[in-house]
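For reference, the structure discussed in these notes is given below.
These numbers come from the heavy atoms of this one structure, side chains and all, not from hydrogens, waters or symmetry mates. Here the structure is a predicted model, which is why all the values come from computation and not from measurement.
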Amino acid sequence: MAYTEDISSVIAQASQELSQINIARPEAVSRPGLKEQIVRFLTLIRSAMYPKIFGSDLNDPKRMKMTISSNLQQAAVLLNEMIEDVLRGEGDADGLTAQFIGSIVDITNVLETDIKAAYDGDPAARSEEEIMLAYPAFEAISIFRLAHKLYELRVPLLPRMMTEYAHKITGIDIHPGATIGEYFFIDHGTGVVIGETCTIGRHVKLYQGVTLGAKSFETDENGNPVKGIKRHPDIGNHVVIYAGATILGGNTRIGDNCVIGGNVWLTHSVGEGETVYYNKGDTN
């Protein structure tokens, strides 16, 4: 009995202290289950974009249209509720939701170029369906492109939750603030990191373990990181970056038609058409 009483007193004390911690955090979003809502939203919106991949195999065009409409409506309702919560009553949730839903066709068209880039860029790919169903790159990139639109609309929190969900299930970490052009492909994918202020041109291919990151963090007079500054590199068009390469810094630019070899460490810019590879004796 004494043992049970000890446990009860510990629970009572912990409950009191946890309540105080959470009461003292008034800025917290009051939406239990928000992570699960994000996953549900992604399922609905991608089922509308690709009902034969993420939804049901529908051969009747009339039925397909109805199913797509239903998925879009459910996704819109859920997104509107989540935006209202994260905006805490400040902002036009209806307008933001309408803008996002209105962009879905454009996002789908860009994803079509990413699918083609994957099919053309990987000799192991047997079909576009294989890419969409089996490749972690399509999972991560499709979620990124949706999250990026919400980021552009200045919706807080939700875009980062979306890409972190993709990170969790694929090992590919793309910040929703990154700007990525058409025909983008990540082969294998595990360990890829793309930072918030990174820009990537068209027809770019990355391999596993590539980092497009920050060289260092600027701090203010109190030693806190300065937010909102350019920290990550710019990658031009028609660039290939091989496994394990690390490219850092907001002033670093990789020019068009470059090839960056595996395990290269770069903190300086590279001109157009250059090939950079790791040399054990090179200390630059």
Side-chain (T113) to main-chain (Y183) donor-acceptor, under 3.5 angstrom = yes
Residue pair M162 / L42: nearest heavy atoms and the distance that separates them = CE-CD2, 3.6 Å
ask   = Should I194 and V210 be marked as a side-chain contact (heavy atoms from CB on, under 4.5 Å) after you check the CA-CA gap, both sets of side-chain angles, and the distance that decides it?
value = CA-CA 8 Å; I194 301 173; V210 168; over 6 Å; no
Contacts of F144 that satisfy ring-ring contact (aromatic ring centres under 6.0 Å, His included) - sequence neighbours left out = H148
key: Any side-chain donor near an acceptor of the partner, E112 and T108, under 3.5 Å   = no
message = Using only atom types and a distance under 3.5 Å, with no angle test, would you say the side chain of R126 pairs donor to acceptor with the backbone of P123?
response = yes
message = Side chains of D94 and N80 only: does a donor on one sit below 3.5 Å from an acceptor on the other?
response = yes
message = With side-chain hydrogen bond (donor to acceptor under 3.5 Å, both in side chains) as the rule and sequence neighbours excluded, what pairs involving residues 192-205 come up?
response = Y151-E196, E182-R202, E196-R231, T197-H232, T199-D234, K205-Y207
ask   = Counting N and O atoms only, with roles assigned by atom type, does the side chain of Q13 sit under 3.5 Å from a partner on the main chain of S9, one being a donor and the other an acceptor?
value = no
request  = Answer yes or no: is there a side-chain heavy-atom contact under 4.5 Å between I107 and M49?
outcome  = yes
task = Only counting residues at least two apart or in another chain, list the ones meeting side-chain contact (heavy atoms from CB on, under 4.5 Å) with D173.
result = E164, H167, V193
Validation row: H238, D256 side chains within 4.5 angstrom (heavy atoms) = no
key: Greater than 12 external heavy atoms within 6.0 Å of Y50's OH   = yes
message = Please determine whether a side-chain nitrogen of the Lys or Arg among R145 and D114 lies less than 4.0 Å from a carboxylate oxygen of the Asp or Glu.
response = yes
key: Sub-4.5 Å side-chain heavy-atom contact between N251 and S269   = no
request  = Could you tell me whether the side chains of N263 and Y242 share a donor-acceptor contact shorter than 3.5 Å?
outcome  = no
